[in-house]
Q: 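Quick one: the structure is below, questions incoming.
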There are 2 protein chains.
Amino acid sequence: MEDGIEIIAIEDDQDILNLLEYHLQKEGYAFTGFLSTKNVEQFLEEESPALMIVDRNLPGLEGSEFVSQMRQKGYTIPVIFLTARDKEKDLVEGFECGGDDYVTKPFSNKELMVRVKALLARSGVGMVQKIRFRDIKLDLAKREAWVDKEPIDLTNLEFKLLQTFVSKPNVALERDFLRDEVWKDESIDFHDKTINVAISRLKKKIDPDGTKNYFLPVWGVGYKMI
Amino acid sequence: MEDGIEIIAIEDDQDILNLLEYHLQKEGYAFTGFLSTKNVEQFLEEESPALMIVDRNLPGLEGSEFVSQMRQKGYTIPVIFLTARDKEKDLVEGFECGGDDYVTKPFSNKELMVRVKALLARSGVGMVQKIRFRDIKLDLAKREAWVDKEPIDLTNLEFKLLQTFVSKPNVALERDFLRDEVWKDESIDFHDKTINVAISRLKKKIDPDGTKNYFLPVWGVGYKMI
DNA sequence: CAAAGACGGAAACAATTTGGCAACAACTGC
DNA sequence: GCAGTTGTTGCCAAATTGTTTCCGTCTTTG
């Protein structure tokens, strides 16, 4: 299912490691388990998994300490800490040292899976990114757009433009901002009318009758999607 | 501490609401509680809090359903769901419908605070720009203005002008300052009366009856908003 | 205190800026 | 070279902004 997404776990309890392996593999993730932090760094150098599950209470080097070290060395891999339910002080430190979420032991399969998926989504992995506003829906991964459940064929520019607006609904976007955001660099001799025309074309595609008034011109500033 | 960050909660259990209020206010957040989803949308239109805590099991409209509706309408406010520990199916839906985190009841103060802070950090709080003075409110992002809760249609120049005054209430702003601040460059042959006329037009828009006397002319100097 | 001059208020008019849109041109990838 | 996409230009309409004028009010000063 989640094509080739790799998750590793560091946990000194072999039973829990097996449990993690079972559930995560069932969900389609590639899984590698470690009983200690040893060899993990070497593994990270070679494999770059998408997520790391770390027990707070490891023998020898503490889990949070290990993550701190990895962060220092520049690894930004998202981390879910496993922590005993009664150790709430750990929890705070877990967030503070750069960990991204935590799960208390004993954990349920479902809770873990939800947090794994949420964290992966947050870090932009295997995203099924969909954004919507009013009756407009955009699938960023597939680059498809729907208006009122009808698929709309948009060009690349139109899609970027619409995405920019749907990401910031009800906000007046200045022409300079749009130029930076949609047209990126191309600095010199950028004609003002370029934006007007692009908006005009987009309007005609997503609202041929002109009855829905998605775009409101903000005079002297830019446009606002309403 | 967290200066003026506003958090609202929707929870039908008054005791829990009080608990939330106590803890969140102790941490320095401005808090508003709701016993149902009624009135919440109206509140959101006016206040735009930084975070919303929503019980999944509300009487009438379900919490997740409500959040879905708000998202459809373009509200991107981060949400923490409160959910009973045994209802894990809810939990999954919570993430799916756009919620950003969840906390299981009964929750500990610390867990809640950690998640609140993490979510606020993740959503980059402090970007919503709203300024107000007397019964005037300006939303800089939306470029909308309200007087006495009534939306007022302002031109770009008028908006910049009003923003300048609302940012410095009770201060006499010199004409030179206004020229620099509102009219930027355009140095040469700037007629004095230009400012007069601009102020005059602005006055007529935000106070048609002329009863509120927002602007006090400071003879030979400029204007003061009072 | 009164008159003159300076300044602000309001309305009308003029100039400028801006957006919509259509048509044409340039570009791109195949 | 063709079809699709994107940028440019020009015309029109509308909104905004600047200028002028006249008048009333305030300040100053003799």
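Each chain gets a letter, A, B and so on, in the order the sequences are listed, and its residues count up from 1.
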Q: Below 4.0 angstrom, which residues in residues 213-226 of chain B have at least one non-hydrogen atom near DNA chain D?
A: W219(B)

Q: May I have all residue pairs that pass side-chain hydrogen bond (donor to acceptor under 3.5 Å, both in side chains) and include part of residues 150-161 of chain A, sequence neighbours excluded?
A: R143(A)-N156(A), T155(A)-E158(A), E158(A)-K205(A)

Q: Can you pull out every side-chain hydrogen bond (donor to acceptor under 3.5 Å, both in side chains) where at least one residue sits in residues 210-226 of chain A? Sequence neighbours excluded, please.
A: D135(A)-K212(A), D135(A)-Y214(A), K212(A)-Y214(A), K224(A)-E144(B)

Q: Using salt bridge (charged side-chain N to carboxylate O under 4.0 Å, His left out) as the criterion, list what pairs up with E21(B), not counting sequence neighbours.
A: none

Q: Earliest and latest nucleotide of DNA chain C, 5' to 3', sitting under 4.0 Å from a non-hydrogen atom of chain B?
A: dA6(C) to dA12(C)

Q: Taking side chain to side chain donor-acceptor pair (under 3.5 Å) as the test, write out the residues that go with D148(A), two or more places apart.
A: none

Q: Atom pairs, N/O to N/O, protein against nucleotides 4-6 of chain D, distance under 3.5 Å?
A:
| unit_1 | atom_1 | unit_2 | atom_2 | d |
| --- | --- | --- | --- | --- |
| dT6(D) | OP1 | L157(A) | N | 3.0 |
| dT6(D) | OP2 | T155(A) | OG1 | 2.3 |

Q: Which residues satisfy the side-chain contact (heavy atoms from CB on, under 4.5 Å) test with T194(A), sequence neighbours excluded?
A: W183(A), F190(A), H191(A)

Q: With sequence neighbours excluded, what pairs up with V197(B) under the side-chain contact (heavy atoms from CB on, under 4.5 Å) test?
A: R201(B)

Q: With side chain to side chain contact (heavy atoms under 4.5 Å, CB included) as the criterion, how do D55(B) and F81(B) come out once you've worked through the C-alpha distance, each side chain's angles and the decisive distance to 0.1 Å?
A: CA-CA 6 Å; D55(B) 187 12; F81(B) 281 109; over 6 Å; no

Q: At 10 degrees resolution, what angle do the end axes of the helix from dC1(C)-dG30(D) to dC30(C)-dG1(D) form when each is taken over five base pairs?
A: 50°

Q: Excluding sequence neighbours, so at least two apart, what forms ring pair (Phe, Tyr, Trp, His ring centres under 6.0 Å) with F43(A)?
A: F34(A)

Q: Tell me which pairs pass ring-ring contact (aromatic ring centres under 6.0 Å, His included) where either residue lies in residues 152-173 of chain A, with sequence neighbours left out.
A: F165(A)-F215(A)

